[in-house]
Amino acid sequence: MANMMNLVQNETLKVWKKRRFAVVVLILLILIPVFVYAQMKIAQNSAEKFKGDWRSELQNRITDNTRALGSDRIPEEWKKWRRALVQQLQYYLDHDINPQSPNAVTFTRGFMDNAVTMFIPLMVLAIASDLVSGERSSGTIKMLLTRPVRRWRILLSKLVTLTLYVSFIIVATVVLCYLISGLVFGYRGWGEPVFVGFQVSGANVNTSTVHAIPQALYVLMQAGLAWFASMVVAILALMVSVLVRSTAASFVTMMAAIIAGAILTNMASSWNSAKYLFNVNLELTTYLQGTPPPIEGMTLGFSLAVLAVWAAAGLAVSFAFFTKQDILN
Amino acid sequence: MKSTSWLWRGLGITTMVCTLLLIAGFVWALKDNWLPTSGMAVPHTSPPPAARAGNLASKAHLNIVALGDSLTVGTGDATGNGYVKTAAADLSKAMDKPVRVVNNLALNGLRADQLLKLLDDKGYRNAIVQSDIVFMTIGANDLFEIASNGSSMAQGGDITPEQLDRRLPEVQVRLKQLWAKLRGLNPVARIVYIGLYNPFYDIDKMRPASEQVQKWNTYVHELAVADGNATVVPTFDLFESDIGRYLSSDHFHPNEAGYARIAERVVQALH
């Protein structure tokens, strides 16, 4: 066990010294202000139009979406999505709660909802893709494997390290998002109520299980779900990193899979069996938000099961290959 | 070596705490999804202020709500302003005070009976109670709606003046109910009803329908007079000569020039 601890320490420090995490933080520090600025412009614009009357702004959103439902040009799938959205917004309005109260926590919540499919996986890949293939391209893998340690222990230590960094990335994203957006929107909003528990079936929203929770708890649950999805991405990236020699190839492979998933979730609702792909299931936060899932019939349990199967398969392949593989130049 | 050990301790503890926190969040999310609790009590927020009584000239600023069908949406206007935005802007200039469109709640294809139901919506109520002026167009879809044969409205469909005549009484009842409900929600707002025009004036078969349109407008005018704080803005005359210049390509809705003329009328009626 002490041996394992040393291995994890070694791996963690290696990633740190390669400045992988510093790159992630740098990306966050550059991009979050960009989004904050964009959101600020939108907020200013609507403040000018609605004079701070959020009810009228919310009703306007409902009316806009209802009007769009009348258009024949909009595909049926999008209409379902809009119908569900309209019912949800109406629920907020009926209970006199502002779903977009302007503060840093609301911004963080919105950012995380959008970041879970692309942005966070991208940052996870910055660390995961390089974990094994990086050792190979630099040749240090020989040194690692000639030590009197079983190979599976080495890979396990890498997996543990990866888990720790995935958690660190997600928490850092939430914290930086809150700190930066707070400068503009104010450091408030942890206690604001949010509704969860909307059950979407087709175009109808069942509100019998809807209940309000404080935004702080929402952000925590959201981060937890994002963490699970990111862990699956990380495990698959580790597998690709074991299988592929170069870091670049491993990164591009995973990135392609994730982008394909993002595109598929937007267009593949008629291709039903796409729901068994891992990359279509990454957006776990939709179940919290209560927006319709990308493909009808998907539930939180379903998505978690699909992701778990992919992760288990990824782990099996990684360990099988890593322990048997010949290391050549 | 010392510094490395400190770094490891810091990193190890931080990342471990993060991991535990996120696992807790994940488990909580599962629990919340599968075993939902009643949740927190929702704090009560104050309702929007209701409009005050008094004539329009004496108020410091004016709130407008727009209700109704595609005409109020502004369908056919390439600039997207419709008559509502233009009239509000012009009114603000003419009266030299801020005029705000609280909400344009109009929906394409809306009928009077549907609007009657929508008035129960909280969003509609919120907007209506705080308004000093209500813009409204409703009834055209009730009257001109083509039964079920799906022929295009642009050609006048199958509608004959006789059919319009038969429908008139029923739609009049709908409007009367709607008007009463609206008045109940806001006893002080000035209701501005934009009168109907005959979009088929240039089609020989449908020109006589102007008579039914006029009957309808007269009826609304009676309602307005009985109400005492309402105006019917006539528009039929705007679409009789050179109709093509003021109708959009669907030959039913006004184009931007048509809407601008309606807006002009609205401002004249209010100021």
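When reading the values below, keep in mind they use all heavy atoms of this one structure, side chains included, and skip hydrogens, waters and symmetry mates. Throughout, protein chains are lettered first and strands after them, A, B, ... in sequence-line order, and every chain is numbered starting at 1.
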(Q) Assess the residue pair A/N6 and B/W8 against the criterion (side-chain contact (heavy atoms from CB on, under 4.5 Å)); give the C-alpha distance rounded to whole Å, side-chain angles, the decisive distance to 0.1 Å, and a yes or no. (A) CA-CA 10 Å; A/N6 285 335; B/W8 159 239; over 6 Å; no
Contact origin within [X] toward chain B - heavy atom pairs under 4.5 Å:
| X | result |
| --- | --- |
| A/F195 | side chain |
| A/I62 | neither |
| A/L304 | side chain |
| A/L217 | side chain |
| A/K17 | side chain |
| A/Q222 | neither |

For the [atom1] atom on [X], are there more than 12 heavy atoms of other groups (residues, nucleotides or ligands in this structure) within a distance under 6.0 Å?
| X | atom1 | answer |
| --- | --- | --- |
| A/K49 | NZ | no |
| B/W28 | CH2 | no |
| A/Q44 | CD | yes |

Closest-packed option against chain B by number of heavy-atom pairs under 4.5 Å, given [options]:
| options | value |
| --- | --- |
| A/V171, A/V196, A/T209 | A/V171 |
| A/I213, A/N60, A/L225 | A/N60 |
| A/P214, A/A226, A/G224 | A/G224 |

As an exercise, state the distance from [atom1] of [X] to [atom2] of [Y], rounded to the nearest 0.5 Å.
| X | Y | atom1 | atom2 | result |
| --- | --- | --- | --- | --- |
| B/R125 | A/L93 | CZ | CG | 12.0 Å |
| B/L11 | A/L164 | CG | CG | 9.0 Å |
| B/L7 | A/Q9 | CG | CD | 9.0 Å |

Q. Under 3.5 Å, side chain of B/R100 to main-chain N/O of A/F50, donor-acceptor pair present?
A.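 Checking the backbone N and O of A/F50 against the side chain of B/R100, a donor-acceptor pair under 3.5 Å is found.
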Does the side chain of [Y] come within less than 4.5 Å of [X]'s, by heavy atoms?
| X | Y | answer |
| --- | --- | --- |
| B/N104 | A/T63 | no |
| B/P98 | A/K51 | no |
| B/D32 | A/M221 | yes |

Q) Which pair of non-hydrogen atoms, one from A/Q90 and one from B/D121, has the smallest distance, and what is that distance? A)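 Closest approach of A/Q90 to B/D121, heavy atoms only: OE1-OD2, 3.6 Å.
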**Q.** side-chain contact (heavy atoms from CB on, under 4.5 Å) partner of A/Q59, the single match among B/V102, B/V65, B/N126, B/N103
**A.**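 When side-chain contact (heavy atoms from CB on, under 4.5 Å) is applied between A/Q59 and each of B/V102, B/V65, B/N126, B/N103, only B/N103 qualifies.
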Q | Qualifying residues under salt bridge (charged side-chain N to carboxylate O under 4.0 Å, His left out), relative to B/K31, sequence neighbours excluded | A | none
Q | Sorted by number, residues from residues 15-26 of chain B in contact with chain A (heavy atoms, under 4.5 Å) | A | B/T15, B/M16, B/C18, B/T19, B/L21, B/L22, B/I23, B/G25, B/F26
